[in-house]
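Naming: A, B, ... by sequence-line order, numbering from 1 per chain.
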There are 2 protein chains.
Amino acid sequence: MRATIKDIARLAGVSAQTVSNVVNDRPVVGEATRRRVLDVCRQLSYTPNAAARGLVTGSRKVIGLVVPHIGNPSYGDLIATLTRIAGAAGYSVVVGDTGWNAGPERELLRSLIRQSVDGVILASGNDASGLQALRDAGVPTVLVFNYFEGCDADVFRIDNLAAFRMVTRHLIGLGHRRIGFVRGLMSTVVKAREDGWRSALAEAGLEAGDELISASTFDQHGGHAAVTALLGLADRPTAVVCTSDIMACGAMDAAADLGLDVPRDLAVTGFDDIFVAGMRRVRLTTLRYDRARLAQQAFDRLLQVMAAPPGQSPGPRQSIALSCELVVRGSCGSPAGADPAATRIRTPKEVARP
Amino acid sequence: MRATIKDIARLAGVSAQTVSNVVNDRPVVGEATRRRVLDVCRQLSYTPNAAARGLVTGSRKVIGLVVPHIGNPSYGDLIATLTRIAGAAGYSVVVGDTGWNAGPERELLRSLIRQSVDGVILASGNDASGLQALRDAGVPTVLVFNYFEGCDADVFRIDNLAAFRMVTRHLIGLGHRRIGFVRGLMSTVVKAREDGWRSALAEAGLEAGDELISASTFDQHGGHAAVTALLGLADRPTAVVCTSDIMACGAMDAAADLGLDVPRDLAVTGFDDIFVAGMRRVRLTTLRYDRARLAQQAFDRLLQVMAAPPGQSPGPRQSIALSCELVVRGSCGSPAGADPAATRIRTPKEVARP
DNA sequence: TTGAAAGCGCTAACAG
DNA sequence: CTGTTAGCGCTTTCAA
């Protein structure tokens with residue numbers, strides 16, 4: 001059916017080895033032979049079989065990328081960027097969506113291992129079991145966004161604590177005293193964000209009671225449900241800090257559904273700065289980070305780890321916590337008459353912990 | 001490094017073939033042997049090498065999915081759904097993002113062919129060259145959304161003409177007489193949508209001049225640019241039909257940036273019904289279709305084609321044009337006092353053309 | 001500069 | 001029920 005190296009060899013009157021040399025641009029082939037072989041390749045539209053090649057070379061030139069929710073434009077952007085970067089380096093990307101669930105994640109990782117991917121960028125995972133499975137299989141892995149207690153892996157993440165302290169301080173500065181926290185499933189990431197929220201409240205002498213924390217799914221429906229609950233409190237919050245923009249979208253809708261105005265009756269903040277947040281109709285105050293940079297750093301490091309002799313990673317583990325910038329828009333009641341263009345406040349800078 | 005079937009065989013004191021039988025759940029193995037083998041597998045955390053298996057069985061259990069823009073939640077949803085469906089059938093999905101460009105698409109398809117994917121779902125492509133490449137390589141392919149003149153392939157698409165005629169009629173019914181058309185790159189899909197817009201105008205005796213058509217990129221920036229241009233016309237439109245929700249988002253912003261109110265000064269419609277369209281702040285009138293169904297149908301058909309003897313497809317080509325429903329929200333100036341909940345109008349029904 | 005032989009990890013087909 | 005043999009498409013020796 002599909003032409004193999006032998007077919008080409010036969011038709012070109014050379015050996016399979018010579019065809020291989022031509023196809024791989026090894027400069028040991030005579031010009032005449034070369035042209036003849038390439039001609040036949042084109043004629044049969046020959047494409048090397050990567051699986052067969054991988055079997056012998058030990059590298060498939062494929063990496064896996066596991067995310068929790070492709071429908072979130074934030075992850076969509078990450079995937080697009082990473083696909084581009086990896087493609088330029090000759091790697092294909094297998095993308096998996098876990099839907100924030102452990103079962104699919106486990107299956108996905110098993111599948112990636114079976115496929116002998118050269119490495120994995122893991123942007124999902126609620127516990128360290130997935131990472132452990134990859135490690136057992138000897139698959140180089142880099143974590144993005146998430147990380148686990150005491151895990152020995154390269155991590156490229158957000159400085160969640162600083163980011164959420166910053167946004168909470170911003171709300172406090174605007175006069176808010178009762179500030180809710182809207183989160184998805186618990187994880188180290190969410191924990192750090194909660195700690196950021198908590199620490200900002202603490203330093204202002206404000207209460208961070210458990211009733212101010214509302215947990216739900218990590219999408220717009222979750223944000224809606226969580227905020228509906230918070231607004232049902234007797235002493236309801238005047239502001240909510242959401243852990244993603246899509247949750248914040250749901251939060252704004254929840255307020256609207258109760259006849260409340262954002263920002264007058266409820267201030268809302270998000271995280272990710274997806275395109276929706278910047279819409280004139282939405283104007284969501286949120287936290288932004290450099291997704292392209294995160295992707296680039298993670299991939300560069302993965303290349304290093306993949307190049308290292310099996311078993312150990314090259315040099316010390318890298319653990320980068322990228323800082324965010326606060327993007328102030330209208331969803332928190334910016335002072336009247338202020339310039340409607342987004343005001344940006346940067347945190348100190350990137351923090352590297354070796 | 002990674003355990004192979006031979007390692008297992010040696011440690012369990014059986015032949016490789018027996019290990020293979022155990023791993024593949026073939027019921028020809030004694031219970032005692034079975035347990036012993038499985039034990040060793042677990043101990044070495046053995047995972048079969050899919051590439052090696054694929055080499056001999058001829059099937060990798062992988063399909064490719066090519067989309068033009070992962071960052072668009074509409075495609076994100078499609079990917080997530082398809083990943084789930086395919087996973088349930090034992091297939092992994094390799095996702096590629098072309099960014100609407102021919103170069104990346106070509107590269108992506110070459111990569112998929114090299115990887116010997118069992119089949120491809122092509123939701124991208126501006127011309128038939130990609131499809132041709134897949135055909136030359138003997139890779140079963142199903143088209144989703146897009147299609148090409150006279151192409152002999154299974155297609156699962158939207159009835160674009162009917163959909164855009166419907167939405168344009170809706171605007172005409174609301175009293176609009178000058179209606180712009182905002183599109184991305186030209187393609188058969190966009191052409192059909194334009195024809196829908198044009199035919200609705202024609203039947204109302206309205207003008208469909210070229211100056212009312214504004215082309216740009218298929219994202220929010222494109223929508224912004226295109227509508228900014230339309231609003232710069234001396235005799236500017238009072239409504240714009242956009243070919244995607246994210247373009248419509250940009251369109252709404254463009255109006256706002258010029259100090260115009262949607263819907264009072266400009267009516268805007270989209271396509272896809274992504275979650276943003278339903279937000280209370282946005283309330284975008286748009287066209288909805290059943291993404292999950294589209295994905296399911298396309299995958300089912302791909303399975304059929306993959307199961308068929310190489311070369312021909314099983315039975316006649318399928319060409320399904322799924323109809324849309326109009327989701328009326330606030331972006332076109334729904335009559336005052338109307339129920340703010342979305343009103344839905346269904347088109348006749350699904351049209352199948354064999 | 002080219003060819004022949006061996007083998008990557010696995011399964012199909014047969015033999016025992 | 002289990003083991004042996006052969007070979008998938010390719011690259012890596014090594015020899016000519």
Side-chain angles (χ1 to χ4, degrees), chain A residues 1-38 40-41 44-62 111 113-118 137-139 310, chain B residues 1-38 40-41 44-62 90 113-118 137-139 310:
Chain A
M1 168 85 249
R2 185 167 141 198
T4 75
I5 205 172
K6 283 184 187 168
D7 300 327
I8 308 296
R10 192 160 22 77
L11 283 178
V14 296
S15 75
Q17 175 52 27
T18 300
V19 177
S20 172
N21 285 140
V22 170
V23 169
N24 292 288
D25 269 333
R26 270 184 281 259
V28 291
V29 188
E31 186 53 25
T33 327
R34 210 182 107 78
R35 300 184 69 85
R36 192 147 35 91
V37 170
L38 284 179
V40 179
C41 285
L44 304 195
S45 63
Y46 168 73
T47 318
N49 182 323
R53 178 182 286 174
L55 201 54
V56 41
T57 62
S59 165
R60 299 265 335 271
K61 288 296 204 173
V62 171
S111 162
I113 293 168
R114 266 197 301 271
Q115 289 182 59
S116 312
V117 295
D118 298 311
V139 180
Chain B
M1 170 85 246
R2 185 167 142 198
T4 76
I5 205 172
K6 283 185 187 168
D7 298 329
I8 308 294
R10 192 159 22 78
L11 284 178
V14 297
S15 75
Q17 177 54 25
T18 300
V19 177
S20 172
N21 286 141
V22 171
V23 170
N24 292 288
D25 270 333
R26 270 183 281 258
V28 291
V29 188
E31 187 52 25
T33 327
R34 210 182 107 76
R35 300 184 69 85
R36 194 148 33 90
V37 169
L38 283 180
V40 180
C41 285
L44 304 195
S45 64
Y46 168 73
T47 318
N49 183 325
R53 178 183 287 173
L55 202 53
V56 40
T57 61
S59 166
R60 299 262 338 269
K61 289 295 205 175
V62 172
I113 293 168
R114 267 197 302 270
Q115 289 182 60
S116 313
V117 295
D118 298 312
V139 179

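- Mapping Arg26(B) and Ala51(B) onto DNA chain C via the closest heavy atom, the residue that lands nearer the 5' end is Ala51(B).
- Looking at the side chain of Thr4(B), the nearest of the listed nucleotides dC10(C), dG9(D), dT2(D) is dC10(C).
- Atom CG of Leu44(B) and atom OG1 of Thr4(B) lie 9.5 Å apart (nearest 0.5 Å).
- The backbone N or O of Arg114(B) sits nowhere less than 3.5 Å from a side-chain atom of Arg53(A) that would complete a donor-acceptor pair.
- Taking every side-chain heavy atom of Thr33(B) into account, dT2(D) is the closest of dA12(C), dT2(D), dT12(D).
- Here dG9(D) is the nucleotide among dG9(D), dT11(D), dC8(D) with the atom lying nearest to any side-chain atom of Ala52(A).
- Within 4.0 Å (heavy atoms only), Asn24(A) reaches sugar-phosphate atoms of the nucleic acid but no base atom.
- Regarding Lys6(B), its NZ atom lies at a distance of 13 Å from the P atom of dT5(D), rounded to whole Å.
- Rounded to the nearest 0.5 Å, atoms CD (Gln17(A)) and CD1 (Ile5(A)) are 7.5 Å apart.
- Looking at Val62(B) and Gln115(A), their side chains come closer than 4.5 Å, going by heavy atoms from C-beta outward.
- The side chain of Val14(A) lies closest to dG3(C) when the candidates are dG3(C), dC10(C), dC10(D).
- Proximity note for Ser15(B) (side chain, C-beta onward) versus dG9(D), dT4(D), dC10(C): the nearest is dT4(D).
- Candidate nucleotides dC10(C), dG9(D), dG3(C) were compared by shortest atom distance to the side chain of Leu55(B), and dG9(D) ranks first.
- Across all their heavy atoms, Arg10(A) and Asp7(A) have their closest contact at NH2-OD1, 2.9 Å.
- Rounded to whole Å, atom P of dA4(C) lies 11 Å from atom CD of Gln17(A).
- For the pair Glu31(A) CD and dT2(C) P, the interatomic distance rounds to 10 Å; values are reported in whole Å.
- We find that CZ of Arg2(A) is positioned 12 Å from C1' of dC10(D), with the value rounded to whole Å.
- The CZ-C1' distance, from Arg114(B) to dG9(D), rounds to 15 Å in whole Å.
- Residue Ser20(B) places no side-chain N or O under 4.0 Å from the OP1 or OP2 atom of dC10(C).
- As a whole-Å value, the separation of Arg34(B) CZ from dC1(D) P is 12 Å.
- Distances shorter than 4.0 Å separate some side-chain N or O of Thr18(A) from OP1 or OP2 on dG3(C).
- The residue among Val28(B) and Ile5(A) whose nearest nucleotide of DNA chain D lies closer to the 5′ end is Val28(B).
- Phosphate contact (OP1/OP2 of dC10(C), side-chain N/O of Thr57(B), threshold under 4.0 Å): absent.
- Counting to the nearest Å, the P atom of dT1(C) and the CG atom of Asp25(A) are 15 Å from each other.
- At whole-Å resolution of the value, CZ in Arg60(B) and C1' in dC8(D) are 13 Å apart.
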